[in-house]
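All values derive from a computational prediction rather than experimental measurement. Quick note on labels: first sequence line is chain A, next is B, and so on, each numbered from 1.
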Number of protein chains: 4
Amino acid sequence: MYIVLDPKSSRPIYEQIIHKVKEQVALGVALPGDKVPSVREMSSQLMVNPNTVSRAYRELEGMGIFVTMRGKGTFISDSFRAANQEEAKRRVQEKVKETVLDAIYGNVAKQTYKQWLDRYYKELGGGESHED
Amino acid sequence: MYIVLDPKSSRPIYEQIIHKVKEQVALGVALPGDKVPSVREMSSQLMVNPNTVSRAYRELEGMGIFVTMRGKGTFISDSFRAANQEEAKRRVQEKVKETVLDAIYGNVAKQTYKQWLDRYYKELGGGESHED
Amino acid sequence: MYIVLDPKSSRPIYEQIIHKVKEQVALGVALPGDKVPSVREMSSQLMVNPNTVSRAYRELEGMGIFVTMRGKGTFISDSFRAANQEEAKRRVQEKVKETVLDAIYGNVAKQTYKQWLDRYYKELGGGESHED
Amino acid sequence: MYIVLDPKSSRPIYEQIIHKVKEQVALGVALPGDKVPSVREMSSQLMVNPNTVSRAYRELEGMGIFVTMRGKGTFISDSFRAANQEEAKRRVQEKVKETVLDAIYGNVAKQTYKQWLDRYYKELGGGESHED
DNA sequence: GTGGTCTAGACCACA
DNA sequence: GTGGTCTAGACCACC
């Protein structure tokens, strides 16, 4: 798995890692069961402290995206945990509201927004999303 | 202008203020030309450090949403700055992508997302947004 | 809030802190809304690295037991998050099974176990537990 | 003796083995005097490093559950060691306290807990436990 | 003052 | 080899 960070971003490195990993998994670049680079590998690849990578991995495990097997390594989970979904949905909704606000100030028409939406859902979603 | 903050949010207070102000303006609650409470007023209203309000106002002025007239006070601008619009658009697009990613992990269907979109555009935007 | 660690325990320090805090809250020694010692205070009190305390606090926040307000401090949450309860219950059940196994090997009679149970529920529960 | 491990568990494999063996013995599936698979057999059966099995066996012997006879093999002991029983009891009590704490946070009522208790004592212990 | 992030480097448990 | 834990010390954002 190859990841590129944006050193200029004010966003914490561990969050960038989390985000990029989620992206790779959503895109299907990284598949369930795949081995993930070890903390050390990733940290030297990204020129970042192992602790930083470790934290990102720990949180990804907490999200049910990673599974780690002590002494063996870390892997992409083969089943996302469904827990906390309500909470997650609420947060998404908040974020959508926020984004719309920004879109209005950025003079982005609803139509344009919807085009982006279609594009990204297609790119990232792979049709797997099926609501309860 | 009345604003309510969420003291528990991890989001910085000054950002919350910015967000709420933008919301009020988008909703049409605060109209162009309207006088905005002074930093002191606002800070005592919100029980918040004046520095915090001051910073929010400064950034809002930078965005072209506030205009300050020395000795008179701060007002809602009657024309948003068009500058940096490309940049703003790009950021919005990034944010949309991010939100879609979260939506996928939160099991939010595209259709649901679009419903929210329609709702919020209606609530917040009116029909004023017309792209260049 | 006073906490005592067991330096001999093999259990990670951050877990010990989490456990002790949960205990204090359950006992009603620490009440919702109470300010918690700052990371620095706690770390010097316990003679432990601030990062270690920080991690414990972060996880406690994740569990919905702590609420932190940037620049102000950390506080006992006034409402525990109900999310993930099913998952939590399942883990408790596993743990009960395990404990019973240990009890059998430790020659602890069921009756004795139940006495302990009554005692600890009384000590720790405060009668607040009411199942859905 | 057939054992199934959970490779995803964060629990060390050697502990899982210990736990499963104790369970089998408590359930009466493995009886005193029974021969236990050799370290090699077990390790190939579980697809696990022999060192890992070896460690589990060593600890089980330390607990007085296994007895090894040089050149003959390893067997289920016909008498559990009574030594350190006070110590064992104390640890069980600690664990019960801990479990109650988790139960409270997981919103598990005392009644529910007792039901589980009855079930597991019945499943695992039979009526063999008779306190000193 | 507060908590959040990151680095550098160490030691340990596990496989 | 892997990940987990901890320390020491630094800088930053927020209030």
Exercise for review: Applying salt bridge (charged side-chain N to carboxylate O under 4.0 Å, His left out), name anything that partners D:R11, two or more places apart in sequence or on another chain.
Suggested key: C:E98, D:E15
Review point. Among all residues two or more places apart in sequence or in another chain, which pass the side-chain hydrogen bond (donor to acceptor under 3.5 Å, both in side chains) test with B:S44?
Key: none
Review point. What distance separates C:T68 OG1 from C:L60 CG, expressed to the nearest 0.5 Å?
Key: 12.0 Å
Study note, to complete from the structure: Across all chains, not counting sequence neighbours, the side-chain hydrogen bond (donor to acceptor under 3.5 Å, both in side chains) partners of C:Q93 are D:Y120
List the atom pairs, with distances to 0.1 Å, where a side-chain N or O of residues 31-38 of chain A and a protein N or O form a donor-acceptor pair under 3.5 Å, not counting sequence neighbours.
from  : atom 1 : to    : atom 2 : distance (Å)
A:D34 : OD2    : A:L31 : N      : 3.0
A:S38 : OG     : A:R40 : N      : 3.4
A:S38 : OG     : A:E41 : N      : 3.0

Point to revise | Residues forming a side chain to side chain contact (heavy atoms under 4.5 Å, CB included) with D:E23, sequence neighbours excluded | key: C:K97, C:L101, D:H19, D:K20, D:L27, D:L124
Review point. Which is true for B:V48 with a 4.0 Å heavy-atom rule: it touches a base, it touches only sugar-phosphate, or it touches nothing?
Key: nothing
**Study point:** Between C1' of E:dG3 and NZ of B:K8, the distance in whole Å
**Key:** 18 Å
Point to revise | Interatomic distance where NZ belongs to A:K35 and C1' belongs to F:dG3 [whole Å] | key: 10 Å
Revision key, fill the gap. Protein heavy-atom contacts under 4.0 Å, written 5' to 3' over nucleotides 9-15 of chain E as B (base), S (sugar-phosphate only) or - (none), form the string B----BS
Check your understanding: Taking atom C1' of E:dT2 as reference, at what distance in whole Å does atom OH of C:Y57 sit?
Key -> 12 Å
Check your understanding: Counting only side-chain N and O atoms of C:S38, is one of them less than 4.0 Å from OP1 or OP2 of E:dG1?
Key -> no
Revision key, fill the gap. Encoded 5' to 3' (Watson-Crick or G-U under 3.5 Å; [ ] crossing; | other strand), DNA chain E becomes ||||||||||||||.
**Study point:** All side-chain hydrogen bond (donor to acceptor under 3.5 Å, both in side chains) counterparts of D:S54, not counting sequence neighbours
**Key:** none
Review point. What is the distance from CD of C:E59 to C1' of E:dG4, rounded to the nearest Å?
Key: 15 Å
Practice item. Return no unless some side-chain N or O of C:T68 is found under 4.0 Å from OP1 or OP2 of E:dT2. Key: no
Practice item. Can you figure out which of E:dT5, E:dT7, F:dT5 approaches the side chain of A:S54 most closely? Key: F:dT5
**Study point:** Spacing between B:D6 atom CG and F:dC15 atom P, to the nearest angstrom
**Key:** 13 Å
Practice item. Tell me, please, which residues at least two apart from D:E59 pass side-chain hydrogen bond (donor to acceptor under 3.5 Å, both in side chains). Key: D:R55
Practice item. Tell me whether the centres of the aromatic rings in B:F75 and B:F66 are closer together than 6.0 Å. Key: no
Practice item. Using whole Å, report how far CZ of C:R58 lies from C1' of E:dC6. Key: 12 Å
Exercise for review: Using atom CD of B:Q16 as one end and atom C1' of F:dA13 as the other, report the distance to the nearest whole Å.
Suggested key: 15 Å
Study note, to complete from the structure: A:I18 atom CD1 is separated from E:dC6 atom P, nearest whole Å, by 10 Å
